[in-house]
2 protein chains.
Amino acid sequence: MAAAIELADRDGVDAISMRKLAQHLGVEAMSLYTHVRNKSDLLSGMTEAVISQIPISIDDADWKTSLRQMALAARSIILRHPWVPTTVEMQAAPGPAMLTYANAVIGILREGGFSVAQAHHALHILGSRVLGFTRDLFDDSGDLDPETAAGLARELGASHPYAVEMALAVTHGGALGRCDDDAEFEFALDFILDGLARLQSS
Amino acid sequence: MAAAIELADRDGVDAISMRKLAQHLGVEAMSLYTHVRNKSDLLSGMTEAVISQIPISIDDADWKTSLRQMALAARSIILRHPWVPTTVEMQAAPGPAMLTYANAVIGILREGGFSVAQAHHALHILGSRVLGFTRDLFDDSGDLDPETAAGLARELGASHPYAVEMALAVTHGGALGRCDDDAEFEFALDFILDGLARLQSS
DNA sequence: GCCTTACCCTTACACCGTAAGCCCTACTCC
DNA sequence: GGAGTAGGGCTTACGGTGTAAGGGTAAGGC
């Protein structure tokens, strides 16, 4: 299992095949089937192993700070295993580790004064983003050099002015500096947490 | 292309292979390569074809209602092609249709008075969820029958009380009725749009 | 000593994406 | 009308995949 995680970290999750993993372990492919039922069983095992590393905050702080630190912890772990979002999405039913994690999140909300219905909504909203299990749809943190940027701007500027404006602003050297993923994540997180606070108090 | 989309709608995107698609068209597998460079080229073509169906709202309504109706339109289309989120995530660079869509969203925000920086944040927040390109992390709309529900509750109740409480509430016959995906989506959408409005006015 | 259990191996099958190369049809241009 | 050409289709083949079936072998319990 650990070997599989290491291999996925290094070569990406697509590179994981029974034969490759077996070779990595100095073993034949079919031998893996004594420890694992399927390939999908293998993947879900890997996923669970990573998720179970996320620390469940148990100090009785504010629900908001608890949730915040949990989300950041989840993200920091997942950043070390970039393939996890992919495998999480492939799973049909949540495994024990995932369940424990979800239970902790719901628990923080309930103890923080949210009703079941509110917590349910909150879970859906936090859903993908805050729990950290999501890739950004638009990866705009790329650092394209000025000349290709200029070329793109000339090409697309007429048809997609707004997109180009933003892309240029985000590009290194643009008005906003380059897009900082961490800062962006925290911004979105606080955005949602503040919204939840308002939802609760209304 | 249309045939591929139809096949994916029916059998799921995993069922799409060059040979299957070719057979579906009464043709040999390799013939497809005259129309398509790769399999991933095929998939991105399918994705683009679907995304380009999303109507870009051009009436000059409120930014909020514009965004709202665009998101709902996107969702309604994607509900008819459940495999799209998967293929969108597989794409490295956004194609023209995706770019047009993003440009429209950014345009609505900018015209609505958002600064570039604000619009950038908003895009990240709207990101996966609102644009509709996301599967729910926890699919709790399943309708499990009472006895298995009771069994689960007994089994997990001790270790995951909060999760069980919510699951029971959401299950058919529970306090909340069954989880209505559409309502949940709209709730999250309005939640975010309201947050954006506040972000703008502050 | 024996038997169970746990691990590993070999072989084989059906399927996948796709590189290389050939063939035929249909259209264009003189 | 005849020639040239390009484009769609076909066949074959290669190296990869997940995994079903079945056989071997060493350690631990009686």
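Just so you know, these numbers come straight off a predicted model, no measurement behind them. A note on names: the letters A, B, ... follow the listed sequences, proteins ahead of strands, and every chain is numbered from 1.
Atom CG in L32(A) sits roughly 15 Å away from atom C1' in dA6(C) (whole-Å rounding). Here dC8(C) presents its P atom at 16 Å from CD of Q23(A), a figure rounded to the nearest Å. In this structure, Y33(B) places its OH atom 16 Å from P of dT11(D), rounding to the nearest Å. If you take CG of L25(A) and C1' of dC7(C), they are 14 Å apart, rounded to a whole angstrom. Distance K39(A) NZ to dA20(D) P: 14 Å, rounded to the nearest Å. Between the CG atom of L42(B) and the C1' atom of dC16(C) there is a distance of 14 Å, rounded to whole Å.
Nearest-nucleotide mapping onto DNA chain C: of S40(B) and E28(A), the residue sitting toward the 5' end is E28(A). Of the residues near DNA chain D, A15(A) and M30(A), the one whose nearest nucleotide (by heavy atom distance) lies more toward the 5' end is A15(A).
Side-chain N/O atoms of K20(B) include none lying less than 4.0 angstrom from OP1 or OP2 on dC15(C). Under 4.0 angstrom from either OP1 or OP2 of dG7(D) there lies no side-chain N or O belonging to H35(B). Taking side-chain N and O atoms only, T34(A) has no distance below 4.0 Å to OP1 or OP2 of dA6(C).
When all heavy atoms are compared, the tightest approach of V116(B) to M166(A) is O-CE, 3.9 Å. Closest non-hydrogen pair, M18(A) versus N38(A), comes out as CE-O, 4.2 Å. Across I78(A) and P85(A), no two heavy atoms sit closer than the pair CG2-CD, 3.9 Å.
Between the side chains of W83(A) and D14(A), no donor-acceptor pair is found at a separation under 3.5 Å.
Counting non-hydrogen atoms of other residues, nucleotides and ligands closer than 6.0 Å to CD of Q53(B) gives a total above 12. Summarising the local packing, CD of Q69(A) is surrounded by more than 12 heavy atoms from other residues, nucleotides or ligands at distances under 6.0 Å.
Aromatic ring pairs are classed by plane angle as parallel below 30°, tilted from 30° to 60° and perpendicular above 60°; the pair F187(A) and F191(A) is parallel.
Donor-acceptor pairing under 3.5 Å, judged by distance alone, is present between the side chain of R19(B) and the base of dG17(C).
Side-chain proximity of M18(B) to dG17(C), dT12(D), dT17(D): nearest is dG17(C).
At a threshold of 4.0 angstrom between heavy atoms, the contacts of S17(A) are confined to the sugar-phosphate backbone, with no base atom among them.
For DNA chain D, no neighbouring residue in residues 1-14 of chain B is found when judged by any heavy atom under 4.0 Å.
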